[in-house]
Amino acid sequence: MTPTPKPLRVLTGINTTGTPHLGNYVGSIRAAVRASRQPGVQSFYFLADLHALIKCHEPARIQRSTLEIAASWLAAGLDPEHVIFYRQSDIPEIPELCWLLTCVTGKGLLNRAHAYKAAIDKNAATGTEPDDGVTAGLFMYPVLMAADILMFQAHKVPVGRDQVQHLEMARDIAASFNHLYGGHLVLPEADVDDNVALLPGLDGRKMSKSYDNTIALFAPRAVMHKQIMGIVTDSRGPGEPKDTEGSALYAIYRAFADDDESARFARAFANGISWADAKQQLFERIEQELEPMRARYEHFMQHPDEVEVVLKAGADKARAIATPFLDTLRHAVGLRNLTQQARPARAAVHPDKSGLPNFKQYREKDGLFYFKLVASDGAVLLQSKGFTAPRAAGQAVAKLRTGGPTALPEFAAVLQHPASASAKAALALLYALQHASGAAQ
Ligand code: TRP
């Protein structure tokens, strides 16, 4: 194993689609900027513009959104001196690593990605071709994301809950690579913060672009005011006590104010503050935090050249790490200078199969054909019922070996016991090795 790089490396990608809204600020930008100032941590923040190409085929929007997002993070206080802040497409090592990883990634692994499955299911629901409208880019999304992370040997990856599966896949992919080529890649961990405030939007549902209920983060002051005045409330008039419970207005206030301020705001609700006054107070409280940032945001939007300089400097820092590391990985897989002595390839790449669970097929006295999955310590993990034809048993074994635990339900009826957790783990391991060593041949 390569020694764990020190200090702790934290890395996260920011999608460059759309304009950031208050929900993004409260849910990720604000906490990330704070965390990036922690001593003893090396933080990587990047604009995932290669990922953006998957969803957006409008060049001007890609460019605009990249600028807006970069300007937002800088305005919110991300310090490019202290963190490595770069644009994914400035790092050619990432797509190159993506290919190395693609060649050790089971297609079946990608078939199970939530986003891909959702697209397939949607097509099934409308009776269209399963892959209709699905680009290979969407299918490959998890591999590119793994390359983002593994390129910098990140230990922790702060993400939303919806990204946890992608992190698991990055670990699987890294494990396959390491198994074949030596322990070069760090297995990253998702860092999900369930305490961050989920901000309600204008209509009280979660603030989200897809609900069209967002308040733009750095809209001009007058626009922000108008949007806040548009937050949905109940019909209680001035003087009538109001509930903080379930009030979007109160929840948004709470996300900006400290405990004392929030308690005061709650008392005003109980004392019958008018909705108009409450909205005005909310607006002023948000402005207190955002006004200075908005000025910086507007400055960056007017001076894209300055943002470009920041990102290029970030890319230099990132590439100072990525270029030599990719050289190591290229060498590891055999993309080498031909004058270097070639090592016996087989020995280098052939995985050591001792200590692995093993399928055994055999015939019993009853004349039937059986199989079992046996752990290296001899424990029987799966035991089949008898098959009349050896071929049927062999096919079941082959499917379980190549399909991993997801193939299990199909064979539940031919097993003597329901599969235990250790049987599933053993199948997952065999599956990982199967596609990894399959790729090596
Ligand atoms: N997929 C992430 C999201 O939708 C964005 C992203 C791309 C990312 N590459 C990454 C996040 C690498 C963390 C690490 O939010």
Side-chain angles (χ1 to χ4, degrees), residues 8-21 23-33 35-36 41-56 62 65-66 68-70 72-73 78 83-98 101-102 105 110 113-119 135 137-174 185-194 196 198 206-210 314-315 318 321-322:
L8 185 78
R9 285 183 170 178
V10 177
L11 173 145
T12 201
I14 308 151
N15 280 324
T16 55
T17 40
T19 307
H21 54 69
N24 301 135
Y25 175 74
V26 167
S28 87
I29 302 177
R30 187 169 59 185
V33 168
S36 75
V41 176
Q42 188 176 22
S43 314
F44 298 74
Y45 291 87
F46 71 94
L47 305 161
D49 58 345
L50 295 175
H51 276 107
L53 295 182
I54 293 169
K55 279 190 225 140
C56 175
I62 293 280
S65 173
T66 304
E68 283 176 353
I69 308 269
S72 300
W73 280 74
L78 192 72
V83 307
I84 305 189
F85 182 49
Y86 56 99
R87 172 172 45 195
Q88 189 185 26
S89 64
D90 282 338
I91 319 294
E93 289 82 1
I94 293 174
E96 186 169 345
L97 176 57
C98 182
L101 300 177
T102 301
T105 300
L110 301 180
H114 297 321
Y116 174 66
K117 269 175 57 183
T135 64
L138 175 70
F139 190 66
M140 291 291 296
Y141 190 111
V143 191
L144 181 57
M145 181 158 159
D148 292 331
I149 299 167
L150 303 176
M151 183 83 261
F152 296 100
Q153 298 178 283
H155 307 101
K156 292 237 177 271
V157 182
V159 283
R161 200 149 271 300
D162 61 325
Q163 296 295 310
V164 168
Q165 189 197 33
H166 286 149
L167 262 294
E168 281 164 7
M169 291 181 158
R171 290 172 67 87
D172 283 351
I173 294 170
L185 303 177
V186 169
L187 269 51
E189 264 172 47
D191 187 7
V192 181
D193 184 357
D194 281 324
V196 294
L198 258 193
K206 176 189 164 204
M207 188 179 290
S208 160
K209 229 177 12 184
S210 33
I321 298 171

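Both ligands and their constituent atoms are indexed starting at 1 by order of listing. Given the structure is predicted, the values throughout are model-derived calculations rather than measurements.
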Query raised in the report: Could you go step by step and tell me if Lys209 and Thr17 meet the side-chain contact (heavy atoms from CB on, under 4.5 Å) rule?
Result: CA-CA 10 Å; Lys209 229 177 12 184; Thr17 40; 4.0 Å; yes

Report summary line: Here the atoms of ligand 1 under 4.0 Å from any heavy atom belonging to Val157 are 13 (C), 14 (C)

Query raised in the report: Just by distance, do the side chain of Ser36 and the backbone of Leu78 share a donor-acceptor pair under 3.5 Å?
Result: no

Report summary line: The answer for which part of Asp162 has a heavy atom under 4.0 Å from ligand 1 is neither

Requested in this report: Please identify which atoms of ligand 1 are closer than 4.0 Å to at least one heavy atom of Ile149.
Outcome: 12 (C), 14 (C)

Query - Heavy atom of the protein closest to atom 1 (N) of ligand 1 (residue, atom name, distance) - result: Tyr141 OH, 2.6 Å

Query raised in the report: If you take all heavy atoms of Leu47 and Ile69, which pair is closest and at what distance?
Result: CD2-CG2, 3.7 Å

Report summary line: Tightest non-hydrogen contact, residues Ala318 and Ile91, listed as CB-CD1, 3.8 Å

**Report entry** Nearest-contact summary for atom 9 (N) of ligand 1 - protein heavy atom, Å
**Finding:** Asp148 OD2, 2.7 Å

Report summary line: Within 4.0 Å of some non-hydrogen atom of His51, the atoms of ligand 1 are 7 (C), 9 (N)

Report task. Do me a favour and list the nearest non-hydrogen protein atom to atom 2 (C) of ligand 1 with residue, atom name and distance? Result -> Gln163 OE1, 3.3 Å

Query raised in the report: So which heavy atom in the protein is nearest atom 13 (C) of ligand 1, and how far is it from that ligand atom?
Result: Gly13 N, 3.3 Å

Report task. Could you grab the distance from atom CZ of Arg87 to atom CD1 of Ile14, nearest 0.5 Å is fine? Result -> 13.0 Å

Report task. Answer with side chain, backbone, both or neither: which part of Phe46 has a heavy atom less than 4.0 angstrom from an atom of ligand 1? Result -> side chain

Only distances under 3.5 Å count here; give the side-chain donor-acceptor pairs of residues 137-146 to other protein atoms, sequence neighbours excluded, each with its distance to 0.1 Å.
none

Requested in this report: Give the residue, atom name and distance (to 0.1 Å) of the protein heavy atom nearest atom 3 (C) of ligand 1.
Outcome: Asn15 ND2, 3.2 Å

Query raised in the report: Considering only heavy atoms of Leu11, which atoms of ligand 1 have at least one such atom less than 4.0 Å away?
Result: 14 (C)

Report task. Answer yes if the side chains of Asp49 and Ser89 hold a donor-acceptor pair under 3.5 Å, and no otherwise. Result -> yes

Query raised in the report: ring-ring contact (aromatic ring centres under 6.0 Å, His included) with Tyr45: which of Trp73, Phe85, Tyr86?
Result: Trp73

